[in-house]
Amino acid sequence: MGATRQAEDGARPARRRLSVDRRREELIAAALELFSRHDAEDVSIDDVALSAGASRALVYHYFGGKQELYVAALRSAAEELEARLQPQGGGRPMEELARGLRRYFDFVEEHAAGFAALLRGGPANRAGEIGEIVDGVRRRMLHLIMNEMRVTDPGPVLRTTLRSWIASVETAGLDWLEHRDMERAELERLLVEQMAALLRVAAGHDDEVERLAHTLLDG
């Protein structure tokens, strides 16, 4: 499989002398690019080494094996995304939501491989440490949204509504990367309007959400 992947994806230039941190970053970047386009089991250490212009032994030296490399690559993408999502403050909750989406899609656009690798695949790829990384990003997004909405303990209707919206944002990001047939700004506005629509629908099922929707959307 390695030889097939190498032929398919090509190779980077010959090895260069780099610092430890820089070499590690290059290996992670190469891994993210490969993992974003192929199932993890179809990517070999040799593929990553060739793509990064490094030796197979060097990849093992830094990461110990493919699973460790996969986890390190996904954690790197997750940390970068979470850093982008830090609230700036100063605006109304829905305005801050729109700004947060802009930063989210900045990451999607600038780090497409990392975003795709982080979210690619189904439940079978979400066990153990890998699942914890992905779910950790989602929990962080949920908490950031709750903080902006001044909610500390959401009921089941609000919790389900917010988590459903986060799933929609993830799907929209992957779809946009695949097709690019919608202006990014239009997609961001659509997602903000979807949040408003979800809150209005949920308000008909829960008094807590009704009060929150009135404050956020009508106040």
Side-chain angles (χ1 to χ4, degrees), residues 9 21-22 24-40 43 48 51-52 63 69-123 125-126 129-149 161-196 198:
D9 295 329
D21 288 343
R22 182 58 183 155
R24 191 175 188 277
E25 289 173 3
E26 284 211 344
L27 291 171
I28 286 178
L32 282 173
E33 180 65 31
L34 291 168
F35 289 137
S36 71
R37 290 182 285 117
H38 309 289
D39 291 336
V43 178
V48 176
S51 182
F63 299 103
L69 173 59
Y70 188 39
V71 169
L74 294 189
R75 180 172 287 115
S76 174
E79 290 173 353
E80 172 69 15
L81 176 56
E82 289 186 13
R84 295 289 186 103
L85 294 177
Q86 292 303 313
Q88 306 299 306
R92 294 165 58 108
M94 295 302 286
E95 293 171 347
E96 287 300 309
L97 183 72
R99 293 190 186 107
L101 264 181
R102 192 175 308 122
R103 295 191 300 273
Y104 184 93
F105 277 95
D106 283 344
F107 175 85
V108 172
E109 187 166 18
E110 296 168 19
H111 301 279
F115 179 78
L118 189 62
L119 297 180
R120 192 172 186 272
N125 296 323
R126 295 291 178 253
E129 195 169 6
I130 294 169
E132 291 176 7
I133 293 170
V134 178
D135 289 342
V137 173
R138 292 170 177 155
R139 286 194 301 270
R140 180 60 176 159
M141 288 184 66
L142 178 62
H143 291 154
L144 288 172
I145 295 169
M146 287 166 46
N147 287 340
E148 290 297 334
M149 293 182 173
T161 298
L162 298 182
R163 294 183 69 178
S164 297
W165 183 79
I166 290 170
S168 295
V169 171
E170 292 177 355
T171 301
L174 290 171
D175 183 83
W176 184 77
L177 283 178
E178 180 181 356
H179 298 287
R180 304 262 185 163
D181 53 0
M182 177 185 292
E183 292 293 329
R184 210 189 96 179
E186 181 184 358
L187 176 58
E188 292 170 12
R189 288 194 299 271
L190 173 64
L191 289 168
V192 172
E193 291 173 9
Q194 283 182 353
M195 170 65 90
L198 285 171

Would a distance-only check, ignoring hydrogens and angles, find a side-chain to backbone donor-acceptor pair under 3.5 Å from [X] to [Y]?
{"X": "Arg103", "Y": "Gln86", "answer": "yes"}
{"X": "Glu148", "Y": "Pro93", "answer": "no"}
{"X": "Ser36", "Y": "Glu33", "answer": "yes"}
{"X": "Arg37", "Y": "Ala113", "answer": "no"}
{"X": "Ser76", "Y": "Ala72", "answer": "no"}

Item checked: For Phe63, ring-ring contact (aromatic ring centres under 6.0 Å, His included) partners two or more places apart ->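 Expected list: none.
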Checklist line | Counterpart residues, ring-ring contact (aromatic ring centres under 6.0 Å, His included), relative to Phe105 (two or more places apart) | finding: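 Phe105 satisfies ring-ring contact (aromatic ring centres under 6.0 Å, His included) with no other residue.
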Shortest non-hydrogen separation from [X] to [Y] and the atoms involved:
{"X": "Leu27", "Y": "Val48", "result": "O-CG1, 3.9 Å"}
{"X": "Ser51", "Y": "Leu34", "result": "CB-CD1, 4.3 Å"}
{"X": "Leu74", "Y": "Ala117", "result": "CD2-O, 3.4 Å"}
{"X": "Leu144", "Y": "Pro87", "result": "CD2-CD, 3.7 Å"}
{"X": "Ala78", "Y": "Ile133", "result": "CB-CG2, 3.7 Å"}
{"X": "Leu81", "Y": "Leu118", "result": "CD2-CD2, 4.2 Å"}

Next item on the list: Might you work through the side-chain contact (heavy atoms from CB on, under 4.5 Å) test for Leu187 and Leu101, ending with a clear yes or no?
Entry: CA-CA 10 Å; Leu187 176 58; Leu101 264 181; over 6 Å; no
Check: Can you pull the salt bridge (charged side-chain N to carboxylate O under 4.0 Å, His left out) pairs that have at least one residue in residues 169-180, sequence neighbours excluded?
Finding: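 As it turns out, the salt bridge (charged side-chain N to carboxylate O under 4.0 Å, His left out) pairs with a partner in residues 169-180, which skip direct neighbours, are Arg138-Glu170.
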Next item on the list: Could you note down all residue pairs passing salt bridge (charged side-chain N to carboxylate O under 4.0 Å, His left out) where residues 81-91 supplies at least one of them, sequence neighbours left out?
Entry: Glu80-Arg84, Arg84-Glu110
Checklist line | Gap separating the CZ atom of Arg140 from the CD1 atom of Ile166, nearest 0.5 angstrom | finding: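 Separation between the atoms: 12.0 Å.
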Next item on the list: Could you grab the distance from atom CG of Leu85 to atom CD1 of Ile145, nearest 0.5 Å is fine?
Entry: 9.0 Å
Margin query: For Glu25, give me all partners under side chain to side chain contact (heavy atoms under 4.5 Å, CB included), at least two apart in sequence or on another chain.
Written below: Arg22
Next item on the list: Run the numbers on Arg184 and Val108 for side-chain contact (heavy atoms from CB on, under 4.5 Å), then give the verdict.
Entry: CA-CA 10 Å; Arg184 210 189 96 179; Val108 172; over 6 Å; no
Notebook entry, point to check: Stepwise, does the side-chain contact (heavy atoms from CB on, under 4.5 Å) test hold for Met195 with Leu97?
Noted result: CA-CA 9 Å; Met195 170 65 90; Leu97 183 72; 3.7 Å; yes
Check: With a cut-off of 6.0 Å (strictly less than), are more than 12 heavy atoms of other residues, nucleotides or ligands near CZ of Arg163?
Finding: no
Checklist line | Side-chain touch Leu32/His111, heavy atoms, less than 4.5 angstrom | finding: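 No, their side chains stay 4.5 Å or more apart.
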Next item on the list: Dump the intermediate steps for side-chain contact (heavy atoms from CB on, under 4.5 Å) on Glu186 and Leu190, then the final yes or no.
Entry: CA-CA 6 Å; Glu186 181 184 358; Leu190 173 64; 5.6 Å; no
Item checked: Selection residues 162-184 - residue pairs positive for ring pair (Phe, Tyr, Trp, His ring centres under 6.0 Å), sequence neighbours left out -> none
